[in-house]
Every structure is written in C-alpha cells, then in structure tokens.
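In what follows, a single structure is set out as structure tokens and then discussed.
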Amino acid sequence: MLFRLAILLSVIVTPVAAHAGTPVSLSSDVFVERNEISADGKSRITLTEPKRIIPGDTLIFVVRYENASSQTARNFIVTNPMPAAVAFVDDAGERAEVSVNGGRSFGALADLQVPLSNGGFRPASADDVTHIRWKVESDLPAGKAGKFVYRGRVK
C-alpha cells in the first residue's frame, strides 16, 4: 500500500499540459486537507504537504497557469490527468469538464456514460474520471496568471 501511495504522489505532482501553441506555462501542487482539533477544542481545516496519505483522504489540487510571453494568450485549454488511485470530487467549478475515457472526449460528469462488457452503458461516476480540463476563452495578457482548484478522494 505504501509503495502504491508513493507512486501516486509522484504522478499527482507532475506538471499538467496546456493546448499546444500557447505561450502559457503550467505548474501544479497537491495538498492533503486535514481537520485538526486545536488545544482549545476548536476544529480547523489545514492543507499540508502529502507526506502520508491514506484511503479516504481529501486531496486539493492546484493548477496554476501563467502567460510567460509578451503576447496575449487566447483560447487555450488546461488539462490535468486524475491519478488512478484518486476519485474526482465534483467541485472544480462550472467551467470544468471531465473525461472518463482517457481524455478522448470531455463533458459534464452527469452527462457521461461508461460502456459495460455486455454492450450497454451506465452513468459515469467520480471514480471513472481520468482527466479534468478547463477551456480558457478569455484573453490572458502577458505576465498575467490564474489558477484552478479541485478536490480528489484517495480510493
């Protein structure tokens, strides 16, 4: 189990990809969301480096994009794979689309289906998500940056 989690961590901090031909640089971070109780008994949520994760942990993914050129970036796409050991938590914002087929097609999770061995289909679930992407259709001036944040649950 620890070996599997070590592999998971190496995958989830791998940089994401932007649509080819854009002057946008990308980086990503991942944090473990913990509910900690302070000495006075108050509960607070903290984000920590994922040194140790266990099934059921919530991971926070932060995908940053920056226009590192002197030109305005237009109509680019940011795509991030979901690690196989992590289930998508559907809170990535209304502009996010997901894939359940290895990134071949994207849409809203509620609209996607997964093929069954008998030739039928079933509704896709958070466990089926393989990729998440955002279409940035607004202009991103030179030197400007932004980010997307979404959650996953360790399976």
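This one's a predicted model, so the numbers in the text were calculated from it and none came from an experiment. Counting begins at 1 with the first residue of the sequence.
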(request) Identify the two heavy atoms, one from P50 and one from V30, that lie closest to each other, and give their separation to 0.1 Å. (result) CD-O, 3.4 Å
(request) Keeping the roles fixed (side chain from D29, backbone from V62), state whether a donor-acceptor pair exists under 3.5 Å. (result) no
(message) Assess, by modelled atom type and distance only, whether the side chains of D139 and T72 contain a donor and an acceptor separated by less than 3.5 Å.
(response) no
(request) Please work out which of the three classes, parallel, tilted or perpendicular, describes the rings of F61 and Y150, given edges at 30° and 60°. (result) parallel
(message) I'd like to check the side chain to side chain donor-acceptor pair (under 3.5 Å) partners of T46; sequence neighbours left out, ordered by chain and number.
(response) E36
(request) Would you mind reporting whether I54 and V154 have side-chain heavy atoms less than 4.5 Å apart? (result) no
(message) I'd like to know if the side chain of T130 and the backbone of S99 have a donor-acceptor N/O pair within less than 3.5 Å.
(response) yes
(request) Decide if atom CZ of R44 counts as having more than 12 heavy atoms of other residues, nucleotides or ligands within a radius under 6.0 Å. (result) no
(message) Quiz question: by atom type and distance under 3.5 Å, do the side chains of S125 and D127 form a donor-acceptor pair?
(response) no
(message) Within this structure, what is the CG-CG distance for the pair N67 and L140, rounded to the nearest 0.5 Å?
(response) 5.0 Å
(request) Taking the side chain as every heavy atom from C-beta outward, state whether V78 and R64 have any atom pair closer than 4.5 Å. (result) no
(message) What I want to find out is whether D57 reaches K155 closely enough, with some N-O distance under 4.0 Å, to be called a salt bridge.
(response) no
(message) I need the E49 CD to F31 CZ distance, nearest 0.5 Å.
(response) 8.5 Å
(request) Starting from the C-alpha separation in whole Å, work towards a yes-or-no answer on side chain to side chain contact (heavy atoms under 4.5 Å, CB included) for F148 and Y65. (result) CA-CA 8 Å; F148 299 112; Y65 58 92; 3.4 Å; yes
(message) For the CG atom of L26 and the NZ atom of K147, what is their distance to the nearest 0.5 Å?
(response) 15.0 Å
(message) Holding to side chain to side chain donor-acceptor pair (under 3.5 Å), I want the full list of residues that pass it with S138, two or more places apart in sequence or in another chain.
(response) none
Quiz: residues 108-117 side-chain donor-acceptor pairs under 3.5 angstrom, not counting sequence neighbours:
none

(message) Among residues at least two apart in sequence or on other chains, which ones pass side chain to side chain donor-acceptor pair (under 3.5 Å) with T58?
(response) none
(message) side chain to side chain contact (heavy atoms under 4.5 Å, CB included), that's the test. Do I77 and E97 meet it? Break it down for me.
(response) CA-CA 11 Å; I77 297 172; E97 298 178 308; over 6 Å; no
(message) Would you compute the distance between atom CG of L59 and atom CD of E33 and round it to the nearest 0.5 angstrom?
(response) 9.5 Å
(message) Can you tell whether the side chains of R74 and E137 come within less than 4.0 Å, N to carboxylate O?
(response) no
(request) With rounding to the nearest 0.5 Å, note down the distance linking CG in D128 to CE in M82. (result) 11.5 Å
(request) If the plane angle is over 60° it's perpendicular, under 30° parallel, otherwise tilted; pick one for F106 and H131. (result) perpendicular
(message) Just to verify, what does R104 make a salt bridge (charged side-chain N to carboxylate O under 4.0 Å, His left out) with, not counting sequence neighbours?
(response) none
(message) I want to check something: taking the side chain as every heavy atom from C-beta on, are I132 and T79 in contact at a cut-off of under 4.5 Å?
(response) no
(message) Holding to side chain to side chain donor-acceptor pair (under 3.5 Å), I want the full list of residues that pass it with S70, two or more places apart in sequence or in another chain.
(response) none
